[in-house]
Amino acid sequence: MISPHLHGGHTPADSDGYPTEVIPPAARRDYSYPTRQRAATLWYHDHRMDATGSQVYRGLAGFHLVADDEEGALGLPAGDRDIPLMITDRAFEEDGSFSYPAHHHGGGVTDAYMEGVLGDVILVNGAPWPVLEVAAARYRLRLLNASNARRYRLALDPPRTPLVQIGSDGGLLDRPVDHTEILLAPGERCEVVVDFAAFAPGAEVTLRNGLGAGDAGAVMRFRVTRRGSDDSRVPQTLSRIEPLRPERAVRTRAWSFRRAATGEHPGWLLDGRAFDPARIDAEVRLGEVEIWRFISDVHHPVHVHLDPFQVLTRRGGDPGPHDAGWKDTVDLAPNESVEVAVRFTDYPGRYLVHCHNLEHEDMAMMAAFRTS
Ligand code: C2O
Ligand code: CU
Ligand code: CU
């Protein structure tokens, strides 16, 4: 049984993959994805109740790229120089099968499951620590963290050229931003342009993970094999992003992401409650701007369905270096409060806000809101 969800998709409620609206084995169900939204790197994955972590771990996830004329006219690297990179971590048994801890129901919850499942092998597009041969030219890399629970701090080694961010979860930024490191929490996307002309032919460039110990500290490698002509460019103006004005917000809602304090049901709660698929936790009017304040105890990547949001503040101060543009997932640091402006449009129905650490999600750190 699965319930497919298009992450970042502007999708009618009955096609959004509500956790209990599953397709039974051997059955069929039609979904509609009108995709009336700007170009962006979306992805899809299973969203089945209580089993999202184990099913995504076994491979039920993939890219869904949306293009448009605005983006197509910019002259960004394209074709075989536009590379989607899905980063995951997995652990394997000796026979090569996936090693995912037994489901938490019935038995106790191990600490490893509680924190979210980590693997010791980094896979990119399903291959362990792969090597990509590139020309000495600009490449567009669409980075997706599709890991269940692992966060990455990505950097090039040697760091001879910047990671020029051009896009975020919801498509192009208004202008490019240079980074030496990219922080990427589960569910997030970051699009960067890397100019491999900074390296001599024959050079090897490693994409490292500054948050990973041992083997998890490396992600993949680029081998610069040849010179290449390059007529791509990164314009200083990429797009126009309409700011969602917080002073127009009709209300502020707080959502707290915290561990269950006590009780025989260990786990993670949203606003002190475990997800109940039959309950509506919030009613939202279409077209209204709201401020949502997310509050954490430990790291939680918070994801909202239906429409993207804009990060306004972190700990009451400025947004972080990776918060620009339209976001649908935001990485909360421990004991942090992050405010975002959000406006839902077009589709009435039931949608979700949840932690995208997939084990936290399966342990019911999720809530339903209804738009009308
Ligand atoms: Cu990527 Cu509700 O999910
Ligand atoms: Cu989603
Ligand atoms: Cu979490």
Side-chain angles (χ1 to χ4, degrees), residues 2-13 15-21 31 33 35 37 40-53 55-57 60-64 66 86 88 104 109 113-118 144-151 169-170 184-189 255-260 266-271 274-275 277 281 294-309 326-336 338 342 344 347 349-369:
I2 65 161
S3 179
H5 169 60
L6 179 58
H7 181 129
H10 188 58
T11 306
S15 291
D16 196 50
Y18 203 71
T20 46
E21 289 176 11
Y31 290 79
Y33 301 105
T35 323
Q37 59 190 104
T41 300
L42 311 185
W43 64 299
Y44 63 89
H45 59 79
D46 183 38
H47 218 301
R48 183 182 132 195
M49 186 79 179
D50 297 335
T52 295
Q55 305 236 82
V56 170
Y57 200 88
L60 292 182
F63 276 106
H64 180 101
V66 179
M86 178 195 277
T88 59
H104 61 285
V109 179
Y113 188 87
M114 200 62 191
E115 302 311 320
V117 172
L118 302 178
L144 157 64
N145 183 355
S147 308
N148 283 32
R150 185 182 286 281
R151 300 166 63 254
D169 301 336
L184 211 58
E188 287 188 299
R189 286 86 73 210
W255 300 94
S256 83
F257 292 78
R258 294 184 194 283
R259 193 176 188 131
W268 299 94
L269 305 176
L270 211 172
D271 275 349
F275 177 65
D281 298 289
F294 303 128
I295 302 153
S296 64
D297 52 359
V298 297
H299 276 289
H300 298 289
V302 173
H303 172 51
V304 178
H305 287 214
L306 183 58
D307 273 287
F309 51 76
W326 289 106
K327 296 284 296 166
D328 61 45
T329 307
V330 64
D331 184 26
L332 300 196
N335 296 309
E336 193 166 47
V338 173
V342 65
F344 298 100
Y347 302 120
R350 269 194 312 189
Y351 292 94
L352 297 169
V353 48
H354 61 89
C355 179
H356 218 287
N357 176 315
L358 297 183
E359 285 71 38
H360 291 186
E361 174 184 332
D362 283 338
M363 281 183 273
M365 191 173 240
M366 184 154 63
F369 60 92

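Everything numeric in this text was worked out from a predicted model, so none of it was measured. Both counts, for ligands and for their atoms, begin at 1 and track the order of listing.
Atom 1 (Cu) of ligand 1 lies closest to atom ND1 when only the N/O/S atoms of His7 are considered. Between the Cu ion (ligand 3) and the N, O or S atoms of His360, the shortest distance is to ND1. His356 contributes atom NE2 as its closest N/O/S atom to atom 1 (Cu) of ligand 1. Nearest N/O/S atom of His354 with respect to atom 2 (Cu) of ligand 1 is recorded as NE2. Of all the N, O or S atoms in His300, the one closest to the Cu ion (ligand 3) is ND1.
Taking the six-membered ring where tryptophan is involved, the planes of His45 and Trp43 are tilted, since the angle between them lies from 30° to 60°.
Among the atoms of His45, an N, O or S atom is found under 2.8 Å from atom 1 (Cu) of ligand 1. Residue side and main chain included, His356 places no N/O/S atom under 2.8 Å of the Cu ion (ligand 3). Under 2.8 Å from the Cu ion (ligand 3) lies an N/O/S atom of Cys355, whether from backbone or side chain.
Proximity of a side-chain donor or acceptor of Asp169 to a complementary backbone N or O of Pro308 within less than 3.5 Å is not detected. Side chain of Asp46 to main chain of Ser3: a donor-acceptor pair is present (N/O by atom type, distance under 3.5 Å, no hydrogens or angles).
Paired with His356 under the rule side chain to side chain donor-acceptor pair (under 3.5 Å), one option of Glu361, His7, His300 passes, and it is His7.
Looking at heavy atoms from C-beta onward, Asp307 lies in side-chain contact with His10 at the 4.5 angstrom threshold.
Draw a line from atom 2 (Cu) of ligand 1 to NE2 of His305 and another to NE2 of His47, and the angle between them is 110° (to 10°).
Listed here is the closest heavy atom pair of Phe257 and Met365: C-CE, 3.5 Å.
The aromatic ring centroids of Tyr351 and Phe344 lie 6.0 Å or more from each other.
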